[in-house]
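We're numbering straight along the sequence, starting at 1.
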Amino acid sequence: MKHTYFASWSMTLLIVWVLFSAQDLSSQNKPEYNRSREIINDVQLQTTVKGSARVEELTGITRAVYRPDYTAVKAQPEEMALQYLKDNAFRLTLQRSVNDLQHERTIQTPAGTRVQFVQKAGGYPVYNADIRVSLNSRNEVVFVTNSYKPIIHLSTDVKLDQTAALEIARDHIGITGSAVHESVEEIVYPVDNDYATVAYLVKAVPAEEHFGDWELIVDASTGKILRAEDKACYHQPDGEVVDGSGWVFDPDPVTNASKVYGITGFTDNDDADNDSLTAQLKEVVLNDITYEDGLYKLAGPNAVIVDVESPFTGLYEQDSSNFHFTRSQGAFEATEIYFHVDQSMRYLNDSLGFSVMPFQYEGGVQFDPHGLGGDVNAHYVGSAG
């Protein structure tokens with residue numbers, strides 16, 4: 001994207017329109033021993049956007065509804081959310097009565113209310129199966145996520161107790177000493193699209209060896225370990241997160257100077273520098289940029305520079321953490337966008353209390369500061385995020 005000094009406005013709009021979901025941020029840099037003990041056979045079904053919904057291509061199940069266009073009869077948030085779910089049970093592939101949904105929590109946010117329900121089967125919670133309904137202050141459903149799992153065949157044959165399941169899990173991990181935390185919970189685990197079984201969800205945090213944040217699922221009938229994962233997040237061994245410094249417009253030079261666009265000194269003029277615009281630059285902290293192989297890179301937990309579209313101008317890596325550039329230099333736009341995307345994500349996550357990250361990939365929002373063949377414009381590619 002080739003940005004004028006209105007970059008902060010356009011990036012704010014981009015953040016508003018990007019569709020996010022919570023991501024597992026566990027690093028791939030786990031100890032080799034831990035990786036060798038993991039059993040992860042999760043199948044990620046492809047989804048596609050159809051109208052205002054995201055639908056699994058194979059099953060046809062609606063996994064998210066972005067603009068439900070539904071106004072509930074005023075009641076408690078849980079009751080209004082259930083109204084929506086009952087009226088849309090077929091679309092979401094739920095039981096018509098929705099009796100297998102149990103209210104888990106209601107969260108009040110400045111933007112409205114989020115109501116979470118967990119799925120139950122045979123009296124047990126279903127692993128990673130819930131529905132979240134977001135409502136605004138006008139009792140309108142504005143967003144729905146759905147990880148409900150239709151269960152056709154359920155085995156409730158329980159032959160092991162919790163103690164036996166914990167010992168099986170400890171033996172698999174190799175724990176012989178004490179643990180900081182251990183817990184065992186009975187759940188239903190969908191083995192495939194047709195079959196589910198009662199199982200034990202075991203969580204263990206070793207205190208003396210094979211450290212990690214272990215989660216294992218043990219079949220309650222056979223004792224077989226169906227899933228095992230170290231969910232701890234590990235530091236990137238060959239990179240260091242540091243704070244840098246940069247020059248940016250915040251929010252933009254016209255606003256800061258209380259001027260009108262088009263007067264002398266306050267025009268685009270093909271990104272040319274002039275004293276009026278340079279005087280409006282602010283020095284800011286570039287949070288959590290990456291230092292690696294002797295270079296500072298505009299890559300952090302909330303924003304990551306990429307170079308995916310012509311003109312290919314590079315990633316603006318350098319041997320200094322000071323990204324002090326004026327608007328005539330290409331690195332200025334990269335610095336400007338990194339700062340504003342990072343600040344927007346921190347506001348959404350830290351200040352407003354939402355948990356949002358790009359759903360198309362792990363890590364922060366990816367941006368190309370120059371694209372569209374050099375056109376003075378900006379765009380958002382939803383399929384790639």
Next item on the list: Without swapping roles, check the side chain of Tyr66 against the backbone of Val49 for a donor-acceptor pair under 3.5 Å.
Entry: no
Note to self: If you compare all heavy atoms of Val65 against all heavy atoms of Leu92, which two are closest, and at what distance to 0.1 Å?
What the structure shows: CG2-CD2, 4.3 Å
Next item on the list: Measure up the Phe117 and His103 rings against each other and bin them: parallel (under 30°), tilted (30 to 60°), perpendicular (over 60°).
Entry: perpendicular
Check: Near Phe312 CZ, under 6.0 Å, is it more than 12 heavy atoms from other residues, nucleotides or ligands?
Finding: yes
Notebook entry, point to check: So, do Asn287 and Asn302 sit near enough that their side-chain heavy atoms are less than 4.5 Å apart?
Noted result: no
Note to self: Atom OH of residue position Tyr33 - does it have more than 12 heavy atoms of other residues, nucleotides or ligands inside 6.0 Å?
What the structure shows: yes
Next item on the list: Look at the side-chain heavy atoms of Ile, Leu, Val, Met, Phe, Trp and Tyr, link any pair under 4.5 Å apart, and say whether Val356 and Ile107 land in one connected group.
Entry: no
Check: Taking atom CZ of Arg105 and atom CZ of Arg114, what is their separation to the nearest 0.5 Å?
Finding: 10.0 Å
Check: To the nearest 0.5 Å, what is the distance between CG (Leu216) and CD1 (Ile173)?
Finding: 4.5 Å
Notebook entry, point to check: Within a strict 4.5 Å, meaning less than it, do heavy atoms of the Asp42 and Arg227 side chains meet?
Noted result: yes
Item checked: Donor-acceptor pair between Glu56 and Thr47 side chains, under 3.5 angstrom -> no
Next item on the list: Indicate yes or no: does Glu38 engage Arg35 in a salt bridge with an N to O separation below 4.0 Å.
Entry: no
Checklist line | Glu292 side chain to Lys297 backbone, donor-acceptor under 3.5 Å | finding: no
Notebook entry, point to check: Once the angle between the rings of Tyr84 and Tyr70 is folded into 0 to 90°, is it parallel (under 30°), tilted (30 to 60°) or perpendicular (over 60°)?
Noted result: perpendicular
Margin query: Between Asp100 and Ile151, is there a side-chain heavy-atom distance shorter than 4.5 Å?
Written below: no
Notebook entry, point to check: What is the distance from atom CG of Asp161 to atom CD of Glu186, rounded to the nearest 0.5 Å?
Noted result: 9.5 Å
Next item on the list: Please report the closest heavy-atom contact between Ala228 and His172, naming both atoms and the distance.
Entry: CB-NE2, 3.9 Å
Note to self: Quick one, Val308 with Val381, criterion side chain to side chain contact (heavy atoms under 4.5 Å, CB included). Give me CA distance, side-chain angles, the key distance, then yes/no.
What the structure shows: CA-CA 11 Å; Val308 296; Val381 181; over 6 Å; no
Next item on the list: For atom CG of Asp157, decide whether the heavy atoms of other residues, nucleotides or ligands shown that lie under 6.0 angstrom number more than 12.
Entry: yes
Checklist line | Any donor-acceptor pair under 3.5 Å from Asn274 side chain to Gly265 backbone | finding: yes
Checklist line | Side-chain ion pair, Asp271 and Arg327, N-O less than 4.0 Å | finding: yes
Check: Would you call Leu286 and Asp342 a side-chain contact if the rule is heavy atoms closer than 4.5 Å?
Finding: no
Check: Of the non-hydrogen atoms in Thr93 and Pro150, which two are nearest, and what is the gap between them?
Finding: CG2-CG, 3.8 Å
Next item on the list: Check whether any side-chain N or O of Asp213 sits under 3.5 Å from a backbone N or O of Ala232 as a donor-acceptor pair, and report yes or no.
Entry: no
Check: For Lys259, does the NZ atom sit with more than 12 other heavy atoms under 6.0 Å from it, leaving out its own atoms?
Finding: no
Checklist line | Spacing of CD belonging to Gln116 relative to CD belonging to Gln102, to within rounding of 0.5 Å | finding: 11.0 Å
Next item on the list: Ignoring hydrogens and angles, tell me if any N or O in the side chain of Asp288 forms a donor-acceptor pair with the backbone of Gly300 under 3.5 Å.
Entry: no
Note to self: Can you tell me how far apart CD (Gln119) and CG (Asn146) are? Round to the nearest 0.5 Å.
What the structure shows: 9.0 Å
Check: Counting only heavy atoms not in Glu57, do more than 12 sit closer than 6.0 Å to its CD atom?
Finding: yes
Item checked: Over all atoms of both residues, closest heavy-atom pair of Gly212 and Pro206 -> O-CD, 3.4 Å
Notebook entry, point to check: So Phe332 and Phe249, would you call those rings parallel, tilted or perpendicular, with 30° and 60° as cut-offs?
Noted result: perpendicular
Note to self: Testing the basics here: between Leu315 and Ile305, what is the closest heavy-atom pair and its distance to 0.1 Å?
What the structure shows: O-CD1, 3.7 Å
Margin query: What I want to check is whether the side chains of Ser147 and Asp130 have a donor and an acceptor closer together than 3.5 Å.
Written below: yes
Notebook entry, point to check: From Leu372 CG over to His379 NE2, what is the distance, rounded to the nearest 0.5 angstrom?
Noted result: 4.0 Å
Notebook entry, point to check: Of all heavy-atom pairs between His370 and Gly330, which one has the smallest distance, and what is that distance?
Noted result: CE1-O, 3.2 Å
Notebook entry, point to check: Should we say atom NZ of Lys203 is surrounded by more than 12 heavy atoms from elsewhere, each under 6.0 Å from it?
Noted result: no
Item checked: Contact check, side chains of Thr278 and Trp247, non-hydrogen atoms, under 4.5 Å -> no
Margin query: With heavy-atom distances below 4.5 Å as the criterion, would you say the side chains of Arg63 and Thr145 are in contact?
Written below: no
Margin query: Has Gln318 got a side-chain atom pairing as donor or acceptor with Ser320's backbone, closer than 3.5 angstrom?
Written below: yes
Notebook entry, point to check: Do Asp219 and Lys159 meet the salt-bridge criterion of a basic N to acidic O distance under 4.0 Å?
Noted result: no
Note to self: Regarding Arg37 and Asp230, does a basic nitrogen lie under 4.0 Å from an acidic carboxylate oxygen?
What the structure shows: no
Margin query: Quick check against the 3.5 Å criterion: does Tyr261 have a side-chain atom that pairs as donor or acceptor with the backbone of Asp268?
Written below: yes
Checklist line | Non-hydrogen side-chain atoms of Leu281 and Phe325 separated by less than 4.5 Å | finding: no
Margin query: Test your reading of the model: is there a side-chain donor-acceptor pair from Gln280 to the backbone of Leu277, 3.5 Å cut-off?
Written below: no
Item checked: Backbone N/O of Phe211 and side chain of Asn34: donor-acceptor pair under 3.5 Å -> yes
Checklist line | Short side-chain to backbone donor-acceptor contact, Asn322 and His324, under 3.5 Å | finding: no
